[in-house]
Participant: 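One structure, pasted below without further comment.
Below, read A as the first sequence line, B as the second, and so on, with proteins coming before strands; counting in each chain starts at 1. In what follows, every heavy atom counts, from backbone to side chain, and hydrogens, waters and symmetry copies are set aside.
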Amino acid sequence: MKPITVKELFRGAYTKLIGESVQLKGWVRTSRLSKTFGFIELNDGSFFKNIQIVFDESLANFEAVSKITLGSSLIVTGEVVESPGAKQAFEIKAHEITIVGLADADYPLQKKRHSFEFLRTIAHLRPRTNTFTAVFRVRSLLAHAIHSFFQDRGFVYVHTPLITGSDCEGAGEMFRVTTFDLLNVPRTEKGEVDFSKDFFGKETNLTVSGQLEVETFCMNFANVYTFGPAFRAENSNTPRHISELWMIEPEIAFADLYDDADLAEDMVRYIVKDVMEKAPEEMEFFNKFIDNGLIERLEHMLNSGFERLDYSDAIQLLEKANQKFDYPVTWGIDLQTEHERYLTEVALKKPVFVMNYPKAIKAFYMRVNDDNNTVAAMDLLVPGVGELIGGSQREERYDVLCQRIDELGLHQPDYWWYLDLRRYGTVPHAGFGLGFERAVMYLTGMKNIRDVIPFPRVPNSAEF
RNA sequence: UCCUCAGUAGCUCAGUUGGUUAGAGCGGGUGGCUGUUAACCACUAGGUCGUAGGUUCGAGUCCUACCUGAGGAGCCA
């Protein structure tokens, strides 16, 4: 009698084990019971598909097993046999079934389709559904693929801080980190909050991005990346935003915007290909039940490559579009969701880099182009998700960077260590940020970001 | 935060121009069924119709406010 996983059996081991006795440990996904025999579909966590267990009155505890409830945990010992049923090549003829944990009868998951909205309310149980089993395995594989991609290329993985003392990250609202008693906050003589008395002796927040810090490591290791959580306190209520998200932020030295785009494209292609190879059952499931065009779209992307478009050309393309936009298109505007969708879903039908945006609508650290009008920034727009990646070549010239900080009304002293990088051996460098959850959405076809992270944090909701 | 839509059984939903005791499928319980595939058949329990007001002889249905959820927009990854 041999312990074995469902994955091993499905991936070929069963042919050699016909007639052999094996042991499986898992949970009842569904069951079909008759008077004198029954079928249990068991999932042991190793594989997307369930294995069918057949049992009959020869079981010592037949009566108990024939009343098994969905969600119960079992240890099954039995013989691998070829299945007469049409939907599976093999099954387990049980000799012994130990009921480890009988699920109460009010187990919320049923043999039917549940809405994602309902499943969000039982996020502690939803991993047990087909969809979420598939989503979270893909999420895991995707994380691994990202590390593989960068590690194979010699990139150094850097853990940038989650608690940040720089109030200057620039990207949106932050969550304050404090140990103050909120009913009794220390104040200065002027009546302002006295952060010098707080835990860190200064005002601190949860990070919105590791980019500024990872640039410091880029100036030693040349090729680096972060992969960790970031926190956004914006009151965003959309299917594409969450308050706690995971980001990947590579940074490369001696590189310009076009090297950056090459890296981003190579990375996206690598991770998509890798996950499609490692999780074919899950991808097939998504294609069948979540998004009918998914595999075709991903394969088209892998075969045809990405489009690259200057911002100015993108504006022209939008101006020529025979489609009315709610937001009028003129050079200088930031692209709206409707514009992004048109470019990537209607006009080009594939991922598109929009590059070299107007200086006025982008961040201080992006490198000013020779036209002095645009900056070396890029967004990667993909069908269905919108902005998947945002990146730029960084301003490596000390004087220009100081000038940009001034222009945007920021304070140079706040950026002292960031500016130092431009004083001590500065080099052209570039990087981008990939929203990990958005990548999972792109890969699975899932439409709501709350359904691709185990326990989503959004405004007004931090259950679990 | 703004706009739109929705909230009826544990879940997914139906409920006609306001009119008796509010329905179905699934899930639960009981019984039946010797190869099922969201198994099937019979019976059965299960509801302050999101909350609070209001209009009316009468409200699940109409009105107001609030709460919750979703979609769109903005902010952004």
Participant: If you look at every heavy atom in A:Ser209 and A:Gln211, which pair is closest and at what distance?
Facilitator: OG-N, 3.0 Å

Participant: Kindly indicate whether a cation-pi arrangement holds for A:Arg113 with A:Phe116, taking the cut-offs as under 6.0 Å to the six-membered ring centre and within 45° of the axis.
Facilitator: yes

Participant: Going by the angle between their ring planes, with limits at 30° and 60°, are A:Tyr157 and A:Tyr225 parallel, tilted or perpendicular?
Facilitator: parallel

Participant: From the list B:G28, B:C76, B:A70, which nucleotide is the closest neighbour of the side chain of A:Arg438?
Facilitator: B:C76

Participant: What interatomic distance, in whole Å, is found between P of B:G27 and the corresponding atom of B:C66?
Facilitator: 41 Å

Participant: Checking contacts here: which listed nucleotide (B:A77, B:A73, B:C75) is nearest the side-chain heavy atoms of A:Glu234?
Facilitator: B:C75

Participant: Looking at A:Gln336 and B:G74, is any side-chain donor or acceptor paired with a base atom of the opposite kind under 3.5 Å?
Facilitator: no

Participant: How long is the line joining CD of A:Gln211 and P of B:C76, in whole Å?
Facilitator: 15 Å

Participant: Just how far, in rounded Å, is C1' of B:U68 from CD of A:Glu463?
Facilitator: 14 Å

Participant: Roughly how many Å is it from CZ in A:Phe325 to P in B:G74, rounded to a whole number?
Facilitator: 13 Å

Participant: Kindly determine whether A:Phe149 and A:Arg153 satisfy side chain to side chain contact (heavy atoms under 4.5 Å, CB included), including the steps that lead there.
Facilitator: CA-CA 7 Å; A:Phe149 174 81; A:Arg153 283 158 185 74; 3.1 Å; yes

Participant: Taking the same atom, P, in B:G15 and in B:A52, what whole-Å distance lies between them?
Facilitator: 25 Å

Participant: Quickly work out the A:Phe231 CZ to B:A77 C1' distance and round it to whole Å.
Facilitator: 14 Å

Participant: Parallel, tilted or perpendicular for A:His114 and A:Phe118, by the 30°/60° rule?
Facilitator: tilted

Participant: Considering only the C1' atoms, how many Å lie between B:G60 and B:U16, rounded to the nearest integer?
Facilitator: 13 Å

Participant: Under a 3.5 Å cutoff, is there a donor and acceptor pairing between the side chains of A:Arg126 and A:Thr121?
Facilitator: no

Participant: Would you say B:G71 has OP1 or OP2 under 4.0 Å from some side-chain N or O of A:Asn448?
Facilitator: yes

Participant: What's the closest nucleotide to the side chain of A:His114 if the choices are B:G29, B:C11, B:C75?
Facilitator: B:C11

Participant: Just call it for A:Leu70: base, sugar-phosphate, or nothing, with non-hydrogen atoms closer than 4.0 Å on any strand.
Facilitator: nothing

Participant: Work out which heavy atom in A:Asp379 is nearest to a heavy atom in A:Lys362; give both atom names and the distance.
Facilitator: OD2-NZ, 3.5 Å

Participant: Look at the side chain of A:Glu117 and decide which nucleotide, out of B:G69, B:G28, B:G71, has an atom nearest to it.
Facilitator: B:G69

Participant: Say we look at B:A70 and B:U55: how far apart would their P atoms be, to the nearest angstrom?
Facilitator: 35 Å

Participant: Any idea how A:Phe289 and A:Phe285 line up, ring-wise: parallel (<30°), tilted (30 to 60°), or perpendicular (>60°)?
Facilitator: tilted

Participant: To the nearest Å, give me how far apart CZ (A:Arg120) and C1' (B:C11) are.
Facilitator: 16 Å

Participant: In this structure, how many angstroms lie between the P atom of B:G10 and the CG atom of A:Leu119, rounded?
Facilitator: 17 Å

Participant: Determine the interatomic distance between P on B:A6 and the same-named atom on B:G10; round to the nearest Å.
Facilitator: 23 Å

Participant: Does atom NZ of A:Lys350 have more than 12 heavy-atom neighbours from other groups under 6.0 Å away?
Facilitator: yes

Participant: What distance separates A:Leu335 CG from A:Tyr311 OH, expressed to the nearest 0.5 Å?
Facilitator: 6.0 Å

Participant: Classify A:Tyr327 by what it touches in the nucleic acid, base, sugar-phosphate, or nothing, heavy-atom distance under 4.0 Å.
Facilitator: sugar-phosphate

Participant: In dot-bracket form, 5' to 3', how is RNA chain B paired? Count Watson-Crick and G-U wobble pairs only if both distances fall under 3.5 Å, and write | where the partner sits on another strand.
Facilitator: (((((((..((((.....[...)))).(((((.......))))).....(((((..]....))))))))))))....

Participant: With P as the reference atom in both, quote the distance from B:G19 to B:U12 in angstrom, rounded to an integer.
Facilitator: 26 Å

Participant: Provide, to the nearest angstrom, the distance between the CD atom belonging to A:Glu249 and the P atom belonging to B:C76.
Facilitator: 16 Å

Participant: More 5' along RNA chain B: A:Pro239 or A:Glu340, using each one's nearest nucleotide?
Facilitator: A:Pro239

Participant: Summarise protein proximity over nucleotides 1-9 of chain B in one line of letters, 5' to 3': B for base, S for sugar-phosphate only, - for none, counting protein heavy atoms closer than 4.0 Å.
Facilitator: B--------

Participant: Write down the distance separating the P atoms in B:C62 and B:G18, rounded off to the nearest Å.
Facilitator: 8 Å

Participant: In whole Å, what separates the C1' atom of B:A24 from that of B:U64?
Facilitator: 33 Å

Participant: Remember a base hit wins even if backbone is also touched, and classify A:Arg341 as base, sugar-phosphate or nothing at under 4.0 Å, heavy atoms.
Facilitator: nothing

Participant: Could you walk me through whether A:Arg404 and A:Glu407 pass the salt bridge (charged side-chain N to carboxylate O under 4.0 Å, His left out) test, one step at a time?
Facilitator: CA-CA 5 Å; A:Arg404 284 290 286 154; A:Glu407 274 174 20; 3.0 Å; yes

Participant: Report, as a single string ordered 5' to 3', how protein heavy atoms within less than 4.0 Å touch nucleotides 33-38 of chain B: B base, S sugar-phosphate only, - not at all.
Facilitator: BSBBBB

Participant: Going by heavy atoms in the side chains, are A:Asp326 and A:Glu338 under 4.5 Å from each other?
Facilitator: yes

Participant: Looking at the base of B:A77, is there any donor atom on it, or on the side chain of A:Arg232, that sits under 3.5 Å from an acceptor on the other one?
Facilitator: yes

Participant: What is the distance, to the nearest angstrom, from the CG atom on A:Leu380 to the P atom on B:A77?
Facilitator: 13 Å

Participant: When we call it a touch if two heavy atoms are under 4.0 Å apart, what does A:Ile242 touch: a base, just sugar-phosphate, or nothing?
Facilitator: base

Participant: Please determine whether the number of non-hydrogen atoms from other residues, nucleotides or ligands lying under 6.0 Å from atom CZ of A:Arg457 exceeds 12.
Facilitator: yes

Participant: Would you call the rings of A:Phe47 and A:Phe10 parallel, tilted or perpendicular, where under 30° means parallel and over 60° means perpendicular?
Facilitator: parallel

